[in-house]
There are 4 protein chains.
Amino acid sequence: MDNLETTINQISPEKAITQLSKKQQAVLKASLSLFAKVGYDRTSTYEIAKLAGVSEGTVFSQFKTKNQLLHAILEPFIGEILPMAASDFINQLQTTSLPHFEDFLNYIVHDRMSFVMSHRSEFKIFVQEMGRNPQLLIMLTERLNTLINRRLSEMLRFYQDKGELITWDPMRISRYIVSVILGYLLPNTLMSDEPLVIEQQTRECVEFLMRGLSA
Amino acid sequence: MDNLETTINQISPEKAITQLSKKQQAVLKASLSLFAKVGYDRTSTYEIAKLAGVSEGTVFSQFKTKNQLLHAILEPFIGEILPMAASDFINQLQTTSLPHFEDFLNYIVHDRMSFVMSHRSEFKIFVQEMGRNPQLLIMLTERLNTLINRRLSEMLRFYQDKGELITWDPMRISRYIVSVILGYLLPNTLMSDEPLVIEQQTRECVEFLMRGLSA
Amino acid sequence: MDNLETTINQISPEKAITQLSKKQQAVLKASLSLFAKVGYDRTSTYEIAKLAGVSEGTVFSQFKTKNQLLHAILEPFIGEILPMAASDFINQLQTTSLPHFEDFLNYIVHDRMSFVMSHRSEFKIFVQEMGRNPQLLIMLTERLNTLINRRLSEMLRFYQDKGELITWDPMRISRYIVSVILGYLLPNTLMSDEPLVIEQQTRECVEFLMRGLSA
Amino acid sequence: MDNLETTINQISPEKAITQLSKKQQAVLKASLSLFAKVGYDRTSTYEIAKLAGVSEGTVFSQFKTKNQLLHAILEPFIGEILPMAASDFINQLQTTSLPHFEDFLNYIVHDRMSFVMSHRSEFKIFVQEMGRNPQLLIMLTERLNTLINRRLSEMLRFYQDKGELITWDPMRISRYIVSVILGYLLPNTLMSDEPLVIEQQTRECVEFLMRGLSA
DNA sequence: AATGAATGAGTTTTCATTCAT
DNA sequence: CATGAATGAAAACTCATTCAT
């Protein structure tokens, strides 16, 4: 069911990333790990080089600046991984027959939890950078708006028409779904590093959301 | 109703903070502002001095290091503002007659939103630091646990016994309340800097929570 | 016998030093102690103020700069204590009847050891500064030359004429006497801080010098 | 005869020091020169960089702190140069046939004077630091004790048994020899920077010591 | 491409000194 | 005179970035 467990390299095989040599991949991996753990600003290029097992010069041979390294992580995340995940997600949703809102909720809660869990590091970096660079949030929001919201709204309206979902503004409904999911993910996943039993959490989540959102 | 709109200086007039000279207060204020806006790491002590209108030496005369400046902001927040707010909040709750769960929800959602809004900067800094220093979250959680949770649980059980609140684990109920509140606060307040119409948001919030949580 | 146990304040009662207030004396004493212990450069005016129990401003009210504080210690030492000690010493020598060279040696070895021991701190500071400011040594040498050497040379010649002292250049003889005394003082006194049993050391010293220097 | 005129680089060609690049050697050389001339505390890393003809960053690329720079100078001196010199010196003494105590004295006085003269800068720095860090003296004393004193004592006893040397404690005899040598070296060499005519000084030195120490 | 020594601008920090109270 | 907050110049140190090898 989870079609999102895509690694960075599986995403766009013909693009920049797979052209990267072993060393460059190590650099990217080391950056991802360190940026997520201690933050972009507290990670020095020396530490990246050390963790990647390369020289400091090598860190800069592919990515000209430290900031490009950050973007090399975040851009595919915002520009490819998230949208692709979103498309896949939406497509999957549409082709999957989910006759009832509860099935729908079950599906998306579980799927999104899995997705975030499998991209924990990127999320942490994204969240941290968002704190300083609100433009990131705007970029993300716009992308998701065009990709998801219209089609998601259609779906929500489908269940509203069926009388299974409260007739609030779909944006408002989305906000609650996202909030409750993040309420589980943020403390357990982004802040600490404990594993998360997705199935159990999903059940709880859906139980609450069904009460709050069914017509 | 909101007894929490206490500024830093109103908190402990006889303690450290009011001993600070005008210039030192300016330093603290400038740091608070810059740390919140661009983050601790991207704020130089030179910029703090410039914004505070003092010399760079002055930045270090009271707070010996830049990191102490951060702690001078966060510690009263974690150690005094939050707990005092929590106590006030709980006491207020207990002395206020809130016969129905909906009154209770209305009260806490509005109060907490107001509180966060009035300490926006501190929250932003706290959230940013939390991303790198998970220990902060643990400190906070422990403090809040001892201060709030037991008494909050009692109150929730009061409404559960009255048959107005679903008989889930009070911790789980708290999580949903917090999640939904943050779902409103984070995007509008912490990430961007737009003003927030608390009354409207509170009403929406409570409406949803009542559906999800009433027995 | 030891006429040199003069404290700073006993030296020039009509001059600056006794005009000093209690606080200023404390400053001077603290400086002396810290300069001797950790060196001039590693002593901050803040530490002087703290040890003296005064404010930092007070450190500068009498002595305009930190360097003047150093000179306030060294100048009386070079300009007054040492010469006065030297005069006293020479006068004492001349008025004291020391018919034999061995008596003479005994006297000066014991007296100089006592003198250095009672001005240990000043000596330490002087030696340390000398390493960086060779001019100090020149100043000292010139002063001692005019004050002592001529008259000391006369005395040495007295014993040479009596056939009790080898007929080397008096300067050379002085050098050996000084070297051997310092050979005892430097390790035990200036470098470490152990007490020194002067009588025992004097006897050893004189025994060796008598062998090396008697005619 | 003087086997001790070893420069820093001749000491351990395969070790740390020769791994240093040209620029790093320049940094070390500049530090040595400035520390000796004006003292560690009065030498700024900027001045070191300027004298070495490198950027200030380079000063810190190899030696992480200014203090490590000091240790990079002193440690090989205490840990390698002195002990090696000591061993060489003792070995040389043992293999050289020195039938009479006067030959022995002549040899060591000349050799030690040459050694100190060829490491003047290191000695100056060492002496200066010793004034503030008495632990240095302890380190040195312990090293020399284990390396030299036992074997030197044996040699002295050899001449005592031959009836050419006074039967004092060898430690006491060493103290006089060292004192008299330093009596020549300190004023002429360490304090000022004038050259020293070793042969002449050696002759005077030995003449006095022979009188004082022969049986 | 990879290396790592070198760079230099920027940052934090120290501290002697000043000055209003 | 005494105080101690304020100053600012200078110091040590960091680190992203460059470049010769």
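Chain A is the first sequence line, chain B the second, and so forth, proteins listed ahead of strands; every chain is numbered from 1.
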Nearest-angstrom distance from the residue atom [atom1] of [X] to [atom2] of [N]:
X        : N       : atom1 : atom2 : value
Lys22(B) : dT21(E) : NZ    : P     : 12 Å
Lys50(B) : dG8(F)  : NZ    : P     : 15 Å
Leu34(C) : dC15(E) : CG    : P     : 13 Å
Gln68(B) : dT13(E) : CD    : C1'   : 12 Å
Arg42(C) : dA16(E) : CZ    : C1'   : 18 Å
Leu69(A) : dA16(F) : CG    : P     : 11 Å
Phe63(C) : dA16(E) : CZ    : P     : 16 Å
Glu47(D) : dA12(F) : CD    : C1'   : 13 Å

* To do: For Thr58(C) and Ser61(C), test the side chains for any donor-to-acceptor distance below 3.5 angstrom and give the result as yes or no.
  => no

* Name the orientation class of the two ring planes belonging to His119(D) and Phe77(D) (parallel below 30°, tilted from 30 to 60°, perpendicular beyond 60°). => tilted

For a quick test of reading the model: is some side-chain N or O of [X] closer than 4.0 Å to OP1 or OP2 of [N]?
X        : N       : answer
Ser55(B) : dT7(F)  : yes
Ser21(D) : dA6(E)  : yes
Thr45(B) : dT11(E) : no
Gln24(C) : dA2(F)  : yes
Gln62(B) : dA6(F)  : no
Lys23(B) : dA5(F)  : no

* Thr45(C) and its side chain to side chain donor-acceptor pair (under 3.5 Å) partner, picked from Glu56(C), Lys50(C), Lys66(C) -> Glu56(C)

* Any donor-acceptor pair under 3.5 Å linking the side chain of Tyr40(D) with the backbone of Gln128(D)? -> no

* Answer yes or no: is there a donor N or O on one side and an acceptor on the other, between the side chain of Ser31(B) and the main chain of Val27(B), under 3.5 Å? => yes

* Structure fact -> From the candidates dA16(F), dA16(E), dA12(F), the one with an atom nearest any side-chain atom of Lys66(D) is dA12(F)

* Between Ser44(A) and Phe60(D), who's closer to the 5' end of DNA chain F by nearest nucleotide? -> Phe60(D)

* Along DNA chain F (nearest heavy atom to each residue), the more 5'-positioned of Ser61(B) and Glu56(A) -> Ser61(B)

* What nucleic acid atoms does Val54(B) come within less than 4.0 Å of, heavy atoms only: base, sugar-phosphate, or nothing? ->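 Here Val54(B) touches the backbone only, sparing every base.
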
* Asked: Does any nucleotide pair with dA20(F) by Watson-Crick or G-U wobble geometry, both distances under 3.5 Å, and what is it?
  ->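 Base partner found: dT3(E).
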
* Shortest non-hydrogen contact from Leu136(B) to Met130(B)? -> CD1-N, 4.0 Å

* Asked: How do Tyr46(C) and Gly57(A) order along DNA chain E: which one's closest nucleotide is nearer the 5' end?
  ->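 On the 5' side of the pair lies Gly57(A).
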
* **Closest-nucleotide 5' rank along DNA chain E - winner of Asn67(C) and Thr58(D)** => Thr58(D)

